[in-house]
Amino acid sequence: MTGMENSLLLKTATQITLVLLMMGLCLAFIRLVIGPDPADRIVALDLISVLIVAILGALTVYSGEKAFLDVAIAYALIAFLGTVALARFRERLARRPDKEEERNYIP
Amino acid sequence: MNETDNHRSDWIARSTALLPLLIFTGAATLVMPVMSNGPMRPSLPWVPGLDIFLSFNIDGLSLLFILIISAVGFFVTLYSVNYLHGHHQTGRFFLFLHAFMLSMLGLVCADNMMALFVFWELTTIFSYLLIGFEHEAAASRHSARQALLVTGAGGLALLAGFLLLQIITGTADISGLAVHADALRSHPLYSAIFVLIILGAFTKSAQFPFHFWLPNAMAAPTPISAFLHSATMVKGGIYLLARFHPILGGTATWTATLMITGAITAVGGAILAMGQSDLKKILAYTTITALGIMTMFLGGRATPSLTAAMTFLLVHSLYKSGLFLMAGIVDHQTGTRQLENLGGLCTRMPFTACSAVAACLSMAGFPLFFGFIGKEIMYKGALAETMCPHLAVSAAVLANALMTAVGGILIVRVFWGRPRPELSAVKEASGFMWVGPVVLGGIGIVFGIIPEWVGKWLVEPAVRAFHQSPYKIKLELYHGINMPLLLSVLTFILGGCFYLAHRPLFRLLRGTVERLPITSGRAYDGCIAGVAWLGHLQARLLQNGSLHRYLFIVMATFVVVTGYTWFTRIDIPPALSLPMLPIREWLLIALITAAVITVLLTRVLLLAICALGVIGAGLAIVFLSYGAPDVALTQLLVETLTVVIVSIILLKLPALKRTAPPKHLKRLMDGILAGAAGILVTSLLLAVLAIEPDLSLTAFFEQNSYLAAHGKNIVNVILVDFRSLDTMGEIIVVAAAGLAGFALIHQKRGQ
Amino acid sequence: MNWLLISPIIIPFLAAAVCLLCRHNPGRHKILSLAGAVLHFGACTALLVYTTRNGMIAMQAGNWPAPFGITLVADHLSAILVAVTGILGLSVVTYSTADIDDPLIYAGYHPVVHILLGGICGAFLTGDLFNLYVWFEVMLIASFGLLILGGETRQLDGGVKYVMLNLLSTLLFIAGLGLLYGMTGTLNMADLHGVVQAVPDKALLTAVAVVFMAAFGIKAGLFPLFFWLPASYHTPPAAVSAILAGLLTKVGVYALIRMFTLVFTFNIAYTHGLLLVAAIATMVTGVVGAAAYYEFRRILSFHIISQVGYMVLGLALFTPLAITGAVFYLLHHMIVKANLFLISGVCQRIGGTMELDRLGGFYRHHGFLAFLFFIPAFSLAGFPPLSGFWAKMILIRASLEINAWIAAGAAAVVGLLTVYSMTKIWGEAFWKPVPENAAPSEGGIRATADMRLMLPIAVLVAITIVIGLMPAPFFALAERAAHELLHPEIYVTTVLGGV
Amino acid sequence: MTDIITALLLIAGGIFAFVASLGIVRLPDTLIRMHAATKAGALGSGLIFLGLAFFAKDPGTTLRALAAVFFLLLTAPVAAHLIGRAAYCSRVNLWHKTWIDEFADVCDWCQTASTDETDECRLKDGE
Amino acid sequence: MEFVLALLCGLMTAASIYLMLSGNTIRYIFGLVIATNAVNLLIFVAGRLFSIRPPLIPEGAEVPPETVANALPQALILTAIVIGFALLSFVFILFYRAYQATGTVETEKMRIAEPAYDAHPTGNPHPEGNNA
Amino acid sequence: MQSLILRSSTRLLVSLILVFSIYLLIRGHQSPGGGFSGALVAGTAFALYAIAEGTASVRRALRFDPRNLIVIGMLLALVSGLTGSIAGQPFLTGVWWTFTIGHDYEIALGTPLFFDIGVYLIVLGTILTLILALEES
Amino acid sequence: MSNLFVLNIFLAVGFSVILGQFNLSGLTAGFIVGYLALWVTRPLYGPNTYFSRVGKVLQLVFYFIRELLISNLRVLWDVITPGHISKPGVIAVPLDAKSDFEIMMVANLVSLTPGTLSLDVSDDRKTLYVHVMFLDDVETARRDIKQGIEKKVLEALR
Ligand code: NA
Ligand code: NA
């Protein structure tokens, strides 16, 4: 329909890839949860966003919809802004006299 | 304002007395035509859809009231100019006074029940404004509000009664109700209507147990007391009882209620009057007595009773307004109204004294005074009753005897006796002030001498207006020696005794009310306090400033009501079997679930924010997996931008102090509520999914997206074409959020 | 006809845009805003006039046939409410030219007010449920903006509560929408009227109706969902309170009336029974709540709740007269309530506070202001011959007609307790002499001489008196609105063209 | 043929991405974990898009897929630099085997930060 | 998948309500974000999931040649997302400013507009007034 | 944020992202994208710019108050909605002009597209207004 | 001036590629859009050299891809085997790259190459601080970076 047809091989390969990527997401999420430093969490989030770009790419292949590619490109372009913003946050945290705990916890 | 200005404004105010004078003249000329041609019934449409017309019914009853109102209004106007000389709010005073008078006239003329009610409530409002005329005194404000609330409550009952009458009979005109009278008296709602209308009349006419507002209303300027609280407004209730006598009257309920209440009010008011030392309070309590007597006689069925009520109405209006005006003059000239500070004024204020004597003798029912006529017909009426005549007779005798005593007290304690040294400088008041009492007293004497004339032209038409009977209506000075005359003699003897014993009685009764375990005045205070208490209760239980409570109640209401509605009606619970899904989808769901739980449990700010991002991104993948690239794209972009905004705000936030965790029980309740909400949403959604979907709208969009709207992205075409009005609103939301957010950020800097 | 329907929505947005362009010049800004309000008023009035002459009209936005596109519909109810919105908009904007200081104008006060007006008119006119949601959000965000404009701490505090509770309504609304769409596959209200009858699962439908009831109930301020209102309405400038008080909850009431006369009428005994209970509880709680307060605007705020109860009572009783009463009450209440808030602003200017125990002497020193307060206050209390009397009377009569004794009793008692509150204000702020602890504001004394403040108040008072003295045309209008509401087939035919 | 290449590239990308995730869980300190996350992650995604570029039939899609690779490779190191700097300079605990640190004396935010907030650090915010 | 997503929707609703009730503006925002997402998901699921094909008309075609996903709920969700984003941005700023002004993120301590209730014999709970 | 690496990458990225945002806007009627997503992408670009270079630099680059974008967007959306109304059609009725370029390459330009541009401008204006104001507060 | 022009062309090509219409009209449209984008971001561009020979660029690309693959495997090994073989450290690398763009390219490519991660550039722009994962000898590592990536980058860009 959309200029891209899938063979069984590709279907299987994308299925495997997607499972790998999803497992990767879950692992990265574990790091996100256990931290311990904010920087660790930001790294994890950065990886998660990269993995999501990858999933979007894999879904494009899986579905054969080239329209999905635009979503992937858009996210690839701007996902890192979140990382930048949070990294900046982490950096400013380091420069403040407040105790880490008070800075970083929801009261 | 200088004296000449005052003088000029006095004359302007005085000239407004022309209005009641004109009305009086007009009404007087109508007496004859109405007698011969029957009532006049002008009518204007007002709200025809609700059967509300400005229709009037000017008959004998109305004319009697009009004449009383306009006559007393004329003298009160003249009187007030001098009474209020130099006061800064005379303009308002006369405005309210005349507005009240017109409302009162409307009340006694109206035929349509709603019109009557409108005038009824207008008198209440102007009474409020006039009682509170000396508004800087707390007592005035309190009394005004009390009168308003009590009569307002009665008014609401009256409204309900009127509406019921209208609903049952289908007619809104009082004149049209008479044909339904029999049906009404046997209607199951008769008692309800009766009680409601009686409540209106009793509150207005200060019948027990609603009498307490009237003595307090004496906070009003004295001319107002004379006008509203003796001659006119309080008689509104009497008027109403008379008007509805042919419609609702005649039943045992009616007679018993009115007679017993009237008797209690009459005797109780008179007894309480004996315990007062303030001139106006004494007059107020005797007014209550008089109103009680009228009510009692309106409870009757016999023509003499009703004649007695109407006659006494006229009698009382004449002498009581005169007495009030007298009390006002005394107060105005001496600066006091307390009996113990007064005495020997007859030489200093001869005209006032004369008028007072005339009025008091009328009140006491001395022969040759109109009061005597009233008393005689009263006894005649009471004796004519078939239902509990003894009660009526004894109440009337007792009340009249006490009023005789009060009349004596007033004459002797104020005008006789030794002149008090501190009153030596007192002068007679201006002629404008004493002319009213003098003329009213004079009328009392004239009427007392020619009762037949009064009976024929004033009382009979009034009684006939609400009472059809072949029985002759006649007022006579002398009937021969009969039972009423004997009762009169008894009354004088008893009255003399009461007068002689008035000082011990006074000591005995002073503070009676305060000593009673419960009084209606205190019940009123209790009600007011009760409302405030309920308000406090509300403020403690509901609107108590705790946002948690607000949110909890709102959510709990939603969950409980919707849940009750749903789970009590649900037919088949949805099958709970997990479908087969590819591993990647399970992983995705697990990831989103884990992220949700993380946000729920973590106290680490950054982790919570990141987990929110994971939820959003995970959902974006769900959206994409089911064919929604636009949604997925937007979702991802919004997530990213949200993280950016959050991070900027986080940078600005100073340290957040760690606080004690909330109580476990509270959070347990929250958790139960949240869980219930989750189950509710899931079950509703599953039930929706069980219904066969209707995709006709989507089919239309798919067919027309390219062919009619030149777009191949159907979602986008829906957004900017098919449903572009949504998008129009949506961008306005965005713009407003931008403007409001900007203002919010910058206000801090700007200030 | 197309212009008639769209102008009340579009003109405010254009006015907002133009005002924004001139945001650096407060003088020109005010003039443009006023001009926009005048135009809007004209458009709203024109719509009412046209509707009363020609009956219900509809416009298919984008020229896509219903139910596929979005329909704008003006029946009598909508036209009346839009016209009142126009009147209140003009009044409040005029008032604001004096009441709102330059810093707030720079912050964008006027554009946000116009956006609010446009959103409200959109909500009144739309015939599409999702579109209604969108206009609700327009109103919501504009009201957020107005509520916190000025940025005082108590405004922010009140704003937080307002926002938190109102967002619940938004969420419930859209959740209900999703469920209803999933069941019926349509969003057009006229279409829903027919489709809903065919939905087999009436239990589910009833549950969804209750979801909508909760969502709109929060907006309308029904018991026990009203908390946002008294928590916040006393915090912003008076002009803002006035426009919010006059219009916002009424949109919730309107939505309830629309949905529960057009769509959710398959189980009246249950849904409207629920509404009846809520209405009575709302009337009582609101009026009782006011008793606890001594702050001018907090008292007024609680009375909004109480009176919303009256309107919903009319809907719940569901007889022609009751619905007429609800519409009449809406009409009366919007004007009177907004006006009372405007007056409270003048009082605050003079007395420097809204606390009743520190106010006093207005009756003596500002007689005209006292008169202007007295009329709406006693109208609110339901005294004849003012507008509130007719509204209350119709509802009591409607209750009595169907033997709803408790409702009638509650309506009457609540009326009395309204007198209690109004006389509290009157006695304290107007009759009482200026108290010792008064803190009159500098120059506030001139407020009663400022035509921009007094004229709108006076005009609204005049309207109140006119409705009171000549209720017949307004009653006839409300009756026609009620007739249309109780005969949804008229609406359906107008929108779907006799399909 | 293109299918096989695509499949291989996809699976290779998936493996790299998975390894990156494994690394981020397993490796001992923040900076070392970043090596895995940044490089392997970007490489993994890049390979998947490369596979997509092979798979696509029209040149536009191919070029866009390549553009995605380019964007990934452009942004990943910048993000890594910012996180790494922030992590390092806020004194995350370095792994005990870290044996040389030539940046320590230069990045001195923490010492100054603990004394005074106003002239906190040598690195001023961009104005 | 619809079934699982319905469960997820319920979970997210429960979580959001629990967070909103926490008495803390920060957690309320988290709850709000989750709730918004839950509602979007609800609309999406209520519109039925029957195709991975997006509602796009391919080159050369005039109507979608095969079954595509339901476009209308997507449009509705998009509008809802945009509105949600606008509201969320505003709410962020409001809570931030409220925090600056009141010095707390705990809603139970935000008692400036409605001070702690203290009954007064005259019915006036706050004789001093609070018009700061 | 003082980082040479970030700043020099930003120079490359910002223009790329802006180009991409225009692409999303223009192609939105035919493929995923549209005014809102385009504007979000553009907003991201400016946010990046602001983080890397500071807000003053963004304001210099923009040369005008972003609130003007909101105004222009509102007016554009309203005017494109009213275009149909002037011709007597209901509000928001699409008016289309079709141009033939070359042999048979047709381009359809319609008011819905301008409407989408209005959406773009409003959303971008709002994002810029808020982000710049927040950064500067 | 010429740099801007080059960048503009670059954007025009990019636009037309993305648009999927690599023809004259696409390029023209891209040129206009790119010009607008550049115009909007004008203050970003100080005086700098931007473009150099294409061949060097290609060389750099291939070198980079090889490095990327090879050293990724090393990281992979460390991750999937039990225990850790890494010997990390932070080193300072003196820079020959002068312009912003050159420094960025060097730093980014260093980061992308597994085993090394650019932490920061010193204020005087003369030193690059790099975290190295497998650091056996400081000087070797420095030389690898200088002779490897930096040299290739500078050749490509100058
Ligand atoms: Na779109
Ligand atoms: Na959009």
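Both backbone and side-chain heavy atoms feed into the values below; hydrogens, waters and symmetry mates do not. Residue numbering restarts at 1 for every chain, and letters A, B, ... go by the order of the sequence lines.
- For the pair C610(B) and L86(A), the minimum side-chain heavy-atom distance is below 4.5 Å.
- Note: D40(A) CG to L607(B) CG = 11.5 Å, rounded to the nearest 0.5 Å.
- V71(A) and P629(B) get closest at one heavy-atom pair: CG2-O, 3.6 Å.
- Here the side chains of Q15(A) and I583(B) are not in contact, with every heavy-atom distance at 4.5 Å or above.
- Contact tally against chain A (heavy-atom pairs below 4.5 Å) for L633(B), L636(B), I609(B): the top residue is L636(B).
- When all heavy atoms of F29(A) and A595(B) are compared, the closest pair comes out as CZ-CA, 3.4 Å.
- Here the straight-line distance linking atom CZ of R90(A) with atom CG of L650(B) works out to 13.0 Å at 0.5 Å rounding.
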**OP:** Report the C-alpha distance between I621(B) and L59(A) in whole Å, list the side-chain angles of each, state the deciding distance to 0.1 Å, and finish with yes or no for side-chain contact (heavy atoms from CB on, under 4.5 Å).
**Re:** CA-CA 9 Å; I621(B) 293 175; L59(A) 275 176; 4.1 Å; yes
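- Counting heavy-atom neighbours within 6.0 Å of Y706(B) OH, excluding the residue itself, gives a total of 12 or less.
- Annotation: maximal heavy-atom pairing with chain B below 4.5 Å, among L18(A), I48(A), L32(A), occurs at L32(A).
- To the nearest 0.5 Å, atom OG1 of residue T640(B) and atom CG of residue L77(A) are 11.0 Å apart.
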Subject >> Derivation of the side-chain contact (heavy atoms from CB on, under 4.5 Å) call for L606(B) and I42(A) >> reply: CA-CA 9 Å; L606(B) 186 65; I42(A) 300 170; 4.0 Å; yes
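- Here CG of L624(B) is found 7.0 Å from OG1 of T60(A). Values are rounded to the nearest 0.5 Å.
- The shortest heavy-atom contact between A617(B) and I52(A) is CB-CD1, 3.0 Å.
- For a residue to count as touching a neighbouring chain, one of its non-hydrogen atoms must lie under 4.5 Å from one of that chain's; by this rule L45(A) touches chain B with the side chain only.
- Contact annotation for L25(A): both backbone and side-chain heavy atoms come within less than 4.5 Å of a heavy atom of chain B.
- Using a 4.5 Å cut-off between heavy atoms, I55(A) contacts chain B through its side chain alone, with no backbone atom that close.
- The shortest distance between side-chain heavy atoms of V646(B) and F89(A) does not fall below 4.5 Å.
- Using a 4.5 Å cut-off between heavy atoms, V614(B) contacts chain A through its side chain alone, with no backbone atom that close.
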